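Proteins come first, then strands; the chains are lettered A, B, ... in the order of their sequence lines, and each starts at number 1. Note that the structure is a prediction, hence the values are computed from the model and not measured.
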Number of protein chains: 2
Amino acid sequence: MSDRRLQILDAAATLIAERGYNSTSVDDVIRGAKLSGKSHFYHYFRSKEELGYEVLNRQFERFTERGLAILREPMIDPLERLSLFIDAVVALQSERGGRGGSPFGNLAAELADAHEGFRVRIEAVFERWASQIRSLLWEARPQLHDDVDAVRLSRFIIATLEGAVLMTRVKRDIGVLEGIAIDLKRFIGTHVRDGGAVALQGGRGVE
Amino acid sequence: MSDRRLQILDAAATLIAERGYNSTSVDDVIRGAKLSGKSHFYHYFRSKEELGYEVLNRQFERFTERGLAILREPMIDPLERLSLFIDAVVALQSERGGRGGSPFGNLAAELADAHEGFRVRIEAVFERWASQIRSLLWEARPQLHDDVDAVRLSRFIIATLEGAVLMTRVKRDIGVLEGIAIDLKRFIGTHVRDGGAVALQGGRGVE
DNA sequence: TGATATTAGGACCGAGCGGTCCAATGCGCA
DNA sequence: TGCGCATTGGACCGCTCGGTCCTAATATCA
């Protein structure tokens, strides 16, 4: 992948995260990536749609490196990994200063009904994310109650995190996400055999 | 409020829920509400922005009538009301066939960072919603553990529901929302003194 | 009947959109 | 030196956008 292509992708990713796909014009991307003109952009991408697809892929790659990687750390207890992963999501959002929500959730809300091509790609992203959590839960199954439904629990975790990031954006208050993260860990703890006191810190109401 | 105004508001609400605010043109609204032309529309609304604000208000009014009303039913046990409210959210989304997510969540994702006017209005909507849940939790406090944080729990409920509706939209599968609703009730149940077996049905893993 | 809103309908505006095309540069490499 | 590619820069296209303006037709009620 050429440098310029990555440069365009990064500029577009930032803009789309801030303003959404439709409200980010190709001219905005050109300005953001400091290209010389339209022809320069269309030298690298066939269309704005293609750009959008690749931005989504790249955002997921980044998320895989900076967030999901924690789920696969082999030396850490699986449930603690899950806790660290939730912390990482909070930290990632904190870095952005509350603005610019989840790159997936944003596109989902904007395009899920309007653009089938994006919908299926976003669905695939969430599925890959969920499958990572599922395999972690599988790894942790000796510590969990027998009747834990990994599919349902993984969806619950993702939905809650996505919703929490959205609320944080609206209220411009990272504390919202932090509080929900604590409660989410508590909920996961209720699936653990001994009550969840081991790996998932944060008892009821403890800040 | 004149009939025509309401007609425009309803048409716009449907379109904006489906396609978002930016992707709904004034001409679309005119076609949807069967107006004769632009001047006819601008006879009732000063701008598209004003229309958007009033659509948001109207959506919240509708949600107050059809959803939040359950939270205030005086003859039902508060925790059971909360359960019924969650069921109502599921039913509302089910009616829409999985498409068209939360009218608030959609606008939030699309406009929270880009348009301050919308952001503060959406924040107010979520705050009013949260306050209804808080006062219900206050009512239910004899049944709850002493250390339940009503502010945090109400935010958790809203975030999870919003996230779940979004996931349902992406996967086009109402079962996602139904599963998360069950888990959400279970989580609320963990805040109840006797273990939550009374008002909130649905034990662990029971479908 | 006449005065007054409301409704209808279309022409028009400046701006931005995604996208195409073209001509002129640099710039390394055989 | 000359070939080929990346880069620069701008003109241009058809279309849609939010919004304005102006003129009739139609309903309402004194």
Side-chain angles (χ1 to χ4, degrees), chain A residues 1-58 106-107 110-111 113-119 121, chain B residues 1-58 106-107 110-111 113-119 121:
Chain A
M1 178 103 63
S2 85
D3 285 352
R4 264 303 209 287
R5 238 182 114 83
L6 276 181
Q7 192 183 343
I8 297 172
L9 243 25
D10 283 340
T14 304
L15 289 166
I16 291 175
E18 282 171 7
R19 303 133 75 132
Y21 175 79
N22 284 318
S23 297
T24 300
S25 72
V26 174
D27 285 318
D28 291 335
V29 175
I30 287 167
R31 270 188 294 273
K34 277 154 189 153
L35 301 180
S36 60
K38 278 234 175 78
S39 54
H40 200 181
F41 172 85
Y42 282 99
H43 177 70
Y44 291 98
F45 294 91
R46 243 182 283 128
S47 65
K48 187 191 174 186
E49 195 183 38
E50 183 187 291
L51 172 72
Y53 289 162
E54 297 204 21
V55 164
L56 178 60
N57 285 337
R58 182 149 168 76
N106 284 358
L107 287 179
E110 187 180 358
L111 299 170
D113 288 338
H115 196 303
E116 182 67 9
F118 273 103
R119 205 212 100 230
R121 282 167 175 83
Chain B
M1 178 104 62
S2 85
D3 285 352
R4 264 301 208 287
R5 240 183 112 84
L6 276 181
Q7 191 183 343
I8 298 171
L9 243 25
D10 283 339
T14 304
L15 290 166
I16 290 174
E18 281 172 8
R19 302 133 78 133
Y21 175 79
N22 284 318
S23 296
T24 301
S25 72
V26 174
D27 284 318
D28 291 336
V29 174
I30 287 167
R31 269 188 294 274
K34 276 154 189 152
L35 301 180
S36 59
K38 279 237 175 79
S39 56
H40 200 180
F41 171 84
Y42 282 99
H43 177 70
Y44 290 99
F45 295 90
R46 243 183 282 127
S47 66
K48 187 191 175 186
E49 196 183 38
E50 183 186 291
L51 172 72
Y53 290 162
E54 297 204 21
V55 164
L56 179 60
N57 285 337
R58 184 152 168 74
N106 285 358
L107 288 180
E110 187 180 359
L111 300 170
D113 287 337
H115 197 301
E116 183 65 10
F118 273 102
R119 205 213 99 230
R121 282 167 175 82

Go through it in stages, so that I can follow the logic: the residues are A/L51 and A/F41, the test is side-chain contact (heavy atoms from CB on, under 4.5 Å), and I'd like the CA-CA distance, side-chain angles, deciding distance and then a yes or no. CA-CA 10 Å; A/L51 172 72; A/F41 172 85; 3.9 Å; yes
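- The span of DNA chain C lying next to chain B, judged by atoms under 4.0 Å from heavy atoms, is bounded 5' to 3' by C/dT7 to C/dG10.
- Between B/T24 and B/V29, the closest heavy-atom pair is CG2-CG2, 3.9 Å.
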Please, what dot-bracket string fits DNA chain C when only Watson-Crick and G-U pairs with both distances under 3.5 Å count, crossing ones use [ ] and pairs to another strand use |? ||||||||||||||||||||||||||||||
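- Among pairs with a residue in residues 6-20 of chain B, those fulfilling salt bridge (Lys or Arg N to Asp or Glu O under 4.0 Å) read B/D10-B/R58, B/D10-B/R62, B/R19-B/D28, at least two apart in sequence or across chains.
- For A/R4, the salt bridge (Lys or Arg N to Asp or Glu O under 4.0 Å) test picks out no residue, with sequence neighbours left out.
- Legend: residues meeting ring-ring contact (aromatic ring centres under 6.0 Å, His included) with A/F118, ordered by chain and number and at least two apart, are A/Y21, A/Y53, A/H115.
- For A/A11, the side chain to side chain contact (heavy atoms under 4.5 Å, CB included) partners two or more places apart in sequence, or in a different chain, are A/A33.
- The stretch residues 40-50 of chain B comes close to DNA chain C through B/H40, B/Y44, each having a heavy atom under 4.0 Å from the strand.
- Two residues are said to be in side-chain contact when any heavy atoms from C-beta on lie closer than 4.5 Å; A/V55 and A/L107 fail this criterion.
- Residues passing the salt bridge (Lys or Arg N to Asp or Glu O under 4.0 Å) test with B/E49, sequence neighbours excluded: none.
- For B/K38, the salt bridge (Lys or Arg N to Asp or Glu O under 4.0 Å) test picks out B/D27, with sequence neighbours left out.
- Residues satisfying the side chain to side chain donor-acceptor pair (under 3.5 Å) test with A/T14, not counting sequence neighbours, are none.
- For B/S36, the side chain to side chain donor-acceptor pair (under 3.5 Å) criterion is met by B/H40, not counting sequence neighbours.
- We find that NZ of B/K38 is positioned 18 Å from C1' of D/dT23, with the value rounded to whole Å.
- In terms of modelled atom types and a separation under 3.5 Å, the side chain of B/R46 and the main chain of B/Y42 share no donor-acceptor contact.
- Near DNA chain D, defined here as any heavy-atom distance below 4.0 Å, there are no residues from residues 17-33 of chain A.
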